[in-house]
Amino acid sequence: METSKSSIAPLLILPVIWGSYYVASQKWVGYTSVFTSGVGIRLITLVFLTIIMIKRKEFSLIFQTKGVLPRLLLIGTLGFLLDLTAFIGLSMSSAASGTALLKCDVLMVNIMSMIIYKQRFTIKAWLCTIVMLFGVFLVMGIDFTSFQIGDPGNIFFLLSAFFVSCNAFVIKSAQLDKYNPTCDDVVAYYNNFVTLIYFTITSLIMSTLGQFSIVLTEPYAALALLLAGLGQTLIYVVYYYNLRNYPVWLVKTFLLFMPIVASVITFVLFGEVMVLTQYIGIAVVIAGALGILMEQR
């Protein structure tokens, strides 16, 4: 088993950042197409990452990628594919069932950890993970009576979850490469830049780039874009730090808190009503997380 840091603060901060990003990006997507939204968020993120790397005197490192460049390009490609398949799934199926299936990446990561790292999970660890996943479903208000795994769009949601899982391991392999260990910011820069290229090409094909003019007339659209770009940048910084320092499966497990953060934010800022099952779901997720922490001491 990998040795992780004694503090779990970075693991707890990540779902807060990701949940906040989710809310901001959802607001931004409401003003433009999903692909144009992707271009905007990646452009803002590119600016932030460039500033960070220049300040840390790391910018020259983006040209020192011998032996890891194919993986860096793969990371960006997987980043785009996980978004694309999720978008296709949303066009064919309900958002509720899609979100539920996307959270199943935690189970895929556990299985991949067993194969790649020979990780051994106790029955208690599996049960706690499944309990947390069930709690997430409750928080998201999944109606299990109408949930159909055979829905045509669900295959794309499962593909997206698979791409997310694979990308985490590719990122970690680039970070910890035996001959050329890659700086977190460099991995993030390539991920963001390659994904930006794919989104730009797609938006050009679909003739949707003109939608950017909305930021000139709608202050809230510009604010949502700025916050989403800032959120994406912070995700890169904290997520990659966690992947470098903690087992992949543990990082993914703590990300199950993300829907809770998003629900609380929309409740506090936008007055969306939370029902009893969501509160129960929050308690279930916390109980599952405590079980895993106790299991891992």
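This chain uses plain numbering: 1 for the first residue, then up along the sequence.
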Exercise. For the hydrophobic clusters of this structure (ILVMFWY residues joined by side-chain heavy atoms under 4.5 Å, transitively), does one cluster hold both Val194 and Val47?
Worked result: no

For this session: Output, in order, the C-alpha distance, side-chain angles, deciding distance and verdict of side chain to side chain contact (heavy atoms under 4.5 Å, CB included) for Leu255 and Tyr239.
Result: CA-CA 10 Å; Leu255 277 175; Tyr239 180 49; 4.2 Å; yes

For this session: State yes or no: are the ring centers of Phe254 and Tyr246 separated by less than 6.0 Å?
Result: no

Exercise. Counting heavy atoms not belonging to Phe162, are there more than 12 under 6.0 Å from its CZ?
Worked result: no

Problem set entry | Separation between NZ of Lys252 and OG of Ser165, rounded to the nearest 0.5 Å | 6.0 Å

Exercise. Between Ala228 and Ala24, which heavy-atom pair has the shortest distance, and what is it?
Worked result: N-CB, 3.8 Å

Exercise. Under the ring-ring contact (aromatic ring centres under 6.0 Å, His included) test, which residues partner Tyr240, sequence neighbours left out?
Worked result: Tyr236

For this session: Nearest 0.5 Å please: distance from the CD1 atom of Ile41 over to the CG atom of Leu230.
Result: 11.5 Å

Problem set entry | Audit row: Tyr198, Val39, side chain to side chain contact (heavy atoms under 4.5 Å, CB included) steps and yes/no | CA-CA 9 Å; Tyr198 282 122; Val39 173; over 6 Å; no

Exercise. Is the closest side-chain heavy-atom distance between Val186 and Met53 below 4.5 Å?
Worked result: yes

Problem set entry | Closest non-hydrogen atom pair between Ala168 and Leu243, with its separation | O-CD1, 4.1 Å

Exercise. Can you list every pair that meets salt bridge (Lys or Arg N to Asp or Glu O under 4.0 Å) and has a residue in residues 30-44, with sequence neighbours left out?
Worked result: Arg42-Asp83

Exercise. Got Val248 and Lys172 here, is their nearest side-chain heavy-atom distance under 4.5 Å?
Worked result: yes

For this session: Using the ring-ring contact (aromatic ring centres under 6.0 Å, His included) rule, take Trp18 and Phe257 through it: C-alpha gap first, then chi angles, then the decisive distance, then the call.
Result: CA-CA 9 Å; Trp18 214 312; Phe257 280 108; over 10 Å; no

Problem set entry | Side-chain donor or acceptor of Thr253 paired with backbone N/O of Trp249 under 3.5 Å | yes

Exercise. Quick one: CD1 on Ile44 to OG1 on Thr233, what's the gap to the nearest 0.5 Å?
Worked result: 9.0 Å

Problem set entry | ILVMFWY clustering at 4.5 Å (side-chain atoms), partners of Leu127 | Ile123

Exercise. Does Trp28 use its side chain to pair, donor to acceptor, with the backbone of Ser37 at less than 3.5 Å?
Worked result: yes

For this session: Find the distance between CE (Met112) and CG (Leu107) and round it off to the nearest 0.5 Å.
Result: 11.5 Å

Exercise. Can you check whether Leu225 reaches Thr32 side chain to side chain, under 4.5 Å on heavy atoms?
Worked result: no

Problem set entry | Criterion side chain to side chain contact (heavy atoms under 4.5 Å, CB included) on Met258 and Leu14, from CA distance to verdict | CA-CA 8 Å; Met258 189 268 283; Leu14 183 58; over 6 Å; no

Exercise. Do the non-hydrogen side-chain atoms of Asp184 and Val237 ever get within less than 4.5 Å of each other?
Worked result: no

Exercise. Judged by atom type as modelled, is there a donor-acceptor pair below 3.5 Å linking the side chain of Ser33 to the main-chain atoms of Thr208?
Worked result: no

Exercise. Mind checking whether Trp126 and Phe121 have parallel, tilted or perpendicular rings, split at 30° and 60°?
Worked result: perpendicular

Exercise. Is it the case that more than 12 heavy atoms not belonging to Tyr279 sit under 6.0 Å from its OH atom?
Worked result: yes

For this session: State the CG-CG distance between Leu46 and Leu49, to the nearest 0.5 angstrom.
Result: 7.0 Å

For this session: Taking ring-ring contact (aromatic ring centres under 6.0 Å, His included) as the test, write out the residues that go with Phe199, two or more places apart.
Result: Phe80

For this session: Give a yes or no on whether Val275 and Ile260 share a hydrophobic cluster (residues Ile, Leu, Val, Met, Phe, Trp, Tyr; joining criterion: side-chain heavy atoms under 4.5 Å apart).
Result: no

Exercise. Are Val215 and Tyr31 close enough that some pair of their side-chain heavy atoms sits under 4.5 Å apart?
Worked result: no

For this session: Write down the atom of Leu61, the atom of Cys183, and the distance for their closest heavy-atom approach.
Result: CD1-CB, 4.1 Å

For this session: Find out if a path of hydrophobic residues (ILVMFWY) with successive side-chain heavy-atom gaps under 4.5 Å connects Leu223 to Val23.
Result: no

Show every donor-acceptor pair shorter than 3.5 Å between a side-chain atom in residues 67-75 and any protein atom, with sequence neighbours excluded, or say none if there are none.
from, atom 1, to, atom 2, distance (Å)
Arg71, NH1, Ser173, O, 3.2
Arg71, NH1, Asp177, OD1, 3.2
Arg71, NH2, Gly67, O, 3.2
Arg71, NH2, Asp177, OD1, 2.6

For this session: Taking Asp105 for its side chain and Val164 for its backbone only, find out whether a donor-acceptor pair lies under 3.5 Å.
Result: no

Exercise. Stepwise, does the side chain to side chain contact (heavy atoms under 4.5 Å, CB included) test hold for Ile130 with Phe134?
Worked result: CA-CA 6 Å; Ile130 294 172; Phe134 177 71; 5.5 Å; no

For this session: Indicate yes or no for a side-chain donor-acceptor contact from Tyr190 to the backbone of Ile62 under 3.5 Å, with no hydrogens or angles considered.
Result: yes

Exercise. Does CZ in Phe212 sit with more than 12 non-hydrogen atoms of other residues, nucleotides or ligands closer than 6.0 Å?
Worked result: yes

Problem set entry | Pair listing, salt bridge (Lys or Arg N to Asp or Glu O under 4.0 Å) test, anchored in residues 48-65, at least two apart | Arg56-Asp185

Exercise. Is there a path from Val136 to Ile286 through hydrophobic residues (I, L, V, M, F, W, Y) whose side chains come within less than 4.5 Å of each other?
Worked result: yes

For this session: Using a 4.5 Å cut-off on heavy atoms from C-beta on, say whether the side chain of Ile201 contacts that of Phe35.
Result: no

For this session: Please determine, by modelled atom types, if Thr200 and Ser203 share a side-chain donor-acceptor pair under 3.5 angstrom.
Result: no

Exercise. Does the side chain of Pro247 reach to within under 4.5 Å of the side chain of Tyr117, using non-hydrogen atoms?
Worked result: no

Problem set entry | Shared hydrophobic cluster for Val268 and Ile17 (ILVMFWY, side-chain gaps under 4.5 Å) | yes

Problem set entry | OG on Ser160 to CZ on Phe163, rounded to 0.5 Å | 8.0 Å

Exercise. Does the side chain of Thr50 pick up a donor-acceptor pair with the side chain of Tyr189 at under 3.5 Å?
Worked result: yes

Exercise. Can any side-chain N or O of Asn191 pair as donor or acceptor with the backbone N or O of Val187 at less than 3.5 Å?
Worked result: no

